[in-house]
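Shown next, in structure tokens, is the structure this report addresses.
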Amino acid sequence: MDQSSNETIERIYHGWNDALAHLTVENVGNLLSFYAPDAVLESPLVPHLMKTPTGVLRGHDELRKLLEELARTQPPTRKFYRTSYFTDGKKIIWEYPRATPQGDQQDFVEVMEIENGLIKKHCVYWGWFGFGVIQRDEHHRKKS
């Protein structure tokens, strides 16, 4: 992995997480800026929040709608503890584990394919605790 690849991966690993952790409807564009204009995102949260038959979104317009809804509905169990990532310079993978030093959080594995410094494809794999949040519809309950 060359220096520019390493810098890109570090920028995405830290910057994307920070943008998501501070997501509001007003600053969705900050998170969206990490994605290629024709990026693809796959997640079980998509049909849940967007009421679509599939968990696949394509392009900034579709991603923006999801991110705006996510900004309005992130439950308190969505925390951002993680420890490291794996990469080959073209793909980056990391885990948000269920168990953290501060207690349970929604558990995910993020897999992102990077092209020209942007996320080209993003797949989110949910663990049992995080999937329970969907089953209990915690995204549509008011934030406390």
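Below, all heavy atoms of this structure are taken into account, side chains as well, without hydrogens, waters or symmetry copies. All residue numbers refer to positions in the sequence shown, counting from 1.
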So do V56 and T54 actually touch side chain to side chain, heavy atoms under 4.5 Å?
-> yes
Would the F86 and W94 ring centres measure less than 6.0 Å apart?
-> no
Can a donor-acceptor pair be found between the side chains of Y85 and E10 at a distance below 3.5 Å?
-> yes
Would you say the side-chain atoms of H22 and D18 include a donor-acceptor pair closer than 3.5 Å?
-> yes
[X] (side chain) donor-acceptor with [Y] (main chain) under 3.5 angstrom:
| X | Y | result |
| --- | --- | --- |
| R11 | G117 | yes |
| K51 | H48 | yes |
| N30 | N27 | no |

Audit row: L20, L70, side-chain contact (heavy atoms from CB on, under 4.5 Å) steps and yes/no = CA-CA 9 Å; L20 183 63; L70 188 59; 3.8 Å; yes
Cluster membership besides V109, Ile/Leu/Val/Met/Phe/Trp/Tyr side chains within less than 4.5 angstrom, sorted by chain and number, is I93, V111, Y125
Can the positive tip of R82 be found less than 6.0 Å from the middle of the six-membered ring of Y13, inside 45° of the ring normal?
-> yes
Check the pair T100, Q105 against side-chain contact (heavy atoms from CB on, under 4.5 Å), reporting the backbone distance first and the verdict last.
-> CA-CA 7 Å; T100 78; Q105 70 176 355; 3.5 Å; yes
Would you give me the side-chain donor-acceptor pairs under 3.5 Å for residues 35-44, sequence neighbours excluded?
residue	atom	partner	partner atom	Å
Y35	OH	W16	NE1	3.1
Y35	OH	H122	ND1	2.8
D38	OD1	K120	NZ	2.9
D38	OD2	K120	NZ	2.5
S43	OG	L45	N	3.1
S43	OG	W126	NE1	3.3

If you measure from [atom1] on [X] to [atom2] on [Y], what distance do you get to the nearest 0.5 Å?
| X | Y | atom1 | atom2 | value |
| --- | --- | --- | --- | --- |
| L118 | M112 | CG | CE | 12.0 Å |
| L31 | E68 | CG | CD | 11.5 Å |
| R98 | D104 | CZ | CG | 4.5 Å |

Passes salt bridge (Lys or Arg N to Asp or Glu O under 4.0 Å), E62 versus K65? Steps please.
-> CA-CA 5 Å; E62 291 182 10; K65 291 174 187 171; over 6 Å; no
